[in-house]
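On a predicted model such as this, the values are computed, not experimentally measured, just so you know.
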2 protein chains.
Amino acid sequence: MDLYSGYINKLIEELAALPGIGSKSAQRLAFHLISLPEGKVSRLANAMVSAKQNVRYCRECFTLTDSDICPICADTRRDHGTIMVVENARDLAAYEKTGKYKGVYHVLHGAISPMLGIGPHDIKLKELMERLSGTQEIAEVIIATNSSLEGETTAMYISKLIKPTKIRVTRIASGVPVGGDLEYIDEVTLLRALEGRVEL
Amino acid sequence: MDLYSGYINKLIEELAALPGIGSKSAQRLAFHLISLPEGKVSRLANAMVSAKQNVRYCRECFTLTDSDICPICADTRRDHGTIMVVENARDLAAYEKTGKYKGVYHVLHGAISPMLGIGPHDIKLKELMERLSGTQEIAEVIIATNSSLEGETTAMYISKLIKPTKIRVTRIASGVPVGGDLEYIDEVTLLRALEGRVEL
């Protein structure tokens with residue numbers, strides 16, 4: 001369909017390639033962008049390009065940062081002996097928002113998924129093991145991968161790798177979310193919550 | 001929260017300013033963009049900037065195009081004596097997808113909304129009246145503004161403006177959508193469908 005000009009079609013196509021943006025939203029976004037003042041459009045375009053060009057992995061924990069080492073790893077007030085392993089930088093952000101976790105992180109950038117052909121060598125696992133055998137004394141590794149098949153597989157794999165080092169390995173609890181109504185919660189979660197029950 | 005680097009924060013902020021993109025989606029998109037190869041990011045950035053720079057209004061119907069006159073207005077096989085008035089270029093696209101409408105369009109770029117302070121002078125209404133009094137003989141104006149308060153107000157306003165010119169003015173039908181289940185349709189639509197009933 002050659003309804004729109006080539007420029008609009010090109011823009012819609014590029015936008016629709018982004019995750020979570022279907023062809024309708026892409027069309028809406030494209031028209032919105034065209035309606036904006038030119039300065040705003042260039043600001044967004046520049047923000048995209050400069051984020052891509054300037055953001056790299058933290059040398060310690062592999063989260064995304066624009067310096068050699070991220071603000072969390074650089075913070076000497078944090079407990080560098082406790083490492084929370086997460087799948088991606090968004091999960092790190094989620095835990096940081098709680099404001100309660102005072103350790104540091106390790107970002108895997110993925111999870112083991114035989115289905116998608118992602119093996120242990122495709123995520124930052126070697127880098128985690130190098131950290132554990134480094135000069136810094138590590139007391140505990142908290143595995144906070146997602147509670148999905150891939151996340152659980154990754155958690156099992158990591159715990160087996162770490163066990164021989166005698167470092168304590170823990171996994172975040174899984175169960176009914178706070179405020180969750182039992183009626184709407186899936187059976188697997190309900191069973192997990194039952195298995196993980198604690199004394200009152 | 002200074003979790004992310006300045007570049008990431010800036011990108012998230014710019015993305016979250018787009019319509020339909022909340023802070024969570026903006027975060028997800030930002031991390032996705034950073035994970036893309038640099039070439040893809042620049043392609044999207046360029047598509048945005050060049051669409052903005054090259055797209056303008058069609059001289060005839062005011063839809064968005066990159067030439068002086070849009071492909072629809074330039075098409076001599078279409079009926080230039082029938083003008084469908086729509087609120088925006090997306091609505092034009094929706095009707096074009098039916099493949100059945102053979103007339104031309106007029107894009108208002110908005111609808112009259114006293115609530116939002118949008119008056120008749122803020123949309124391409126003067127331009128419509130100029131077209132109607134131009135050299136081209138117009139047989140019918142079909143008002144296809146949305147079936148919202150603003151769309152209906154605009155339709156009423158336009159019909160009153162055109163009436164004295166003796167040009168035929170029609171309004172697209174409103175009623176139960178095809179495939180719609182009466183149970184889930186609001187009362188106003190049900191009443192409208194009843195009022196607009198046709199002989200079988």
Requested in this report: Supply the atom-to-atom distance A:His109 NE2 to A:Leu64 CG, rounded to the nearest 0.5 angstrom.
Outcome: 5.0 Å

Requested in this report: Go through B:Ile172 and B:Ile143 one step at a time and tell me if the side chain to side chain contact (heavy atoms under 4.5 Å, CB included) criterion holds.
Outcome: CA-CA 6 Å; B:Ile172 54 166; B:Ile143 307 179; over 6 Å; no

Report task. Report the distance from atom CD1 of A:Ile123 to atom CD of A:Glu150, rounding to the nearest 0.5 Å. Result -> 11.0 Å

Query raised in the report: Do the side-chain N and O atoms of B:Tyr7 and A:Gln53 include a donor-acceptor pair separated by under 3.5 angstrom?
Result: no

Query - A:Leu29, part contacting chain B, at a heavy-atom distance under 4.5 Å - result: side chain

Report summary line: Residue from B:Leu33, B:Asp66, B:Leu15 scoring the most non-hydrogen pairs under 4.5 Å with chain A is B:Asp66

Report summary line: Comparing A:Asn54, A:Val49, A:Ile21 against chain B, the one with the most heavy-atom pairs below 4.5 Å turns out to be A:Asn54

Query raised in the report: Looking only at heavy atoms, which of residues 159-171 of chain A get nearer than 4.5 Å to chain B?
Result: none

Report task. Enter the distance from A:Tyr105:OH to A:Cys58:SG here, rounded to the nearest 0.5 Å. Result -> 13.0 Å

Report task. Considering only heavy atoms and a distance below 4.5 Å, find which of B:Lys10, B:Glu13, B:His32 pairs most often with chain A. Result -> B:His32

Query raised in the report: Does any heavy atom of chain B fall under 4.5 Å from the side chain of A:Ser67, the backbone, both, or neither of them?
Result: neither

**Report entry** Atom pair CD1/CZ of A:Ile83 and A:Arg131 - distance to nearest 0.5 Å
**Finding:** 4.0 Å

Query raised in the report: How many angstroms lie between atom CD1 of B:Ile72 and atom CG of B:Leu92, to the nearest 0.5 angstrom?
Result: 4.5 Å

Requested in this report: Just give me the residue among B:Ala47, B:Ser50, B:Pro19 that pairs up with chain A most often, heavy atom to heavy atom, under 4.5 Å.
Outcome: B:Pro19

Requested in this report: Assess whether atom OH of A:Tyr95 is packed by more than 12 heavy atoms of other residues, nucleotides or ligands within 6.0 Å.
Outcome: no

Report summary line: With chain A, the option among B:Asn88, B:Asn46, B:Leu36 that has the most non-hydrogen atom pairs under 4.5 Å is B:Leu36

Report task. Evaluate the side-chain proximity of A:Pro71 to A:Thr65: yes if any heavy-atom separation is below 4.5 Å, no if none is. Result -> yes

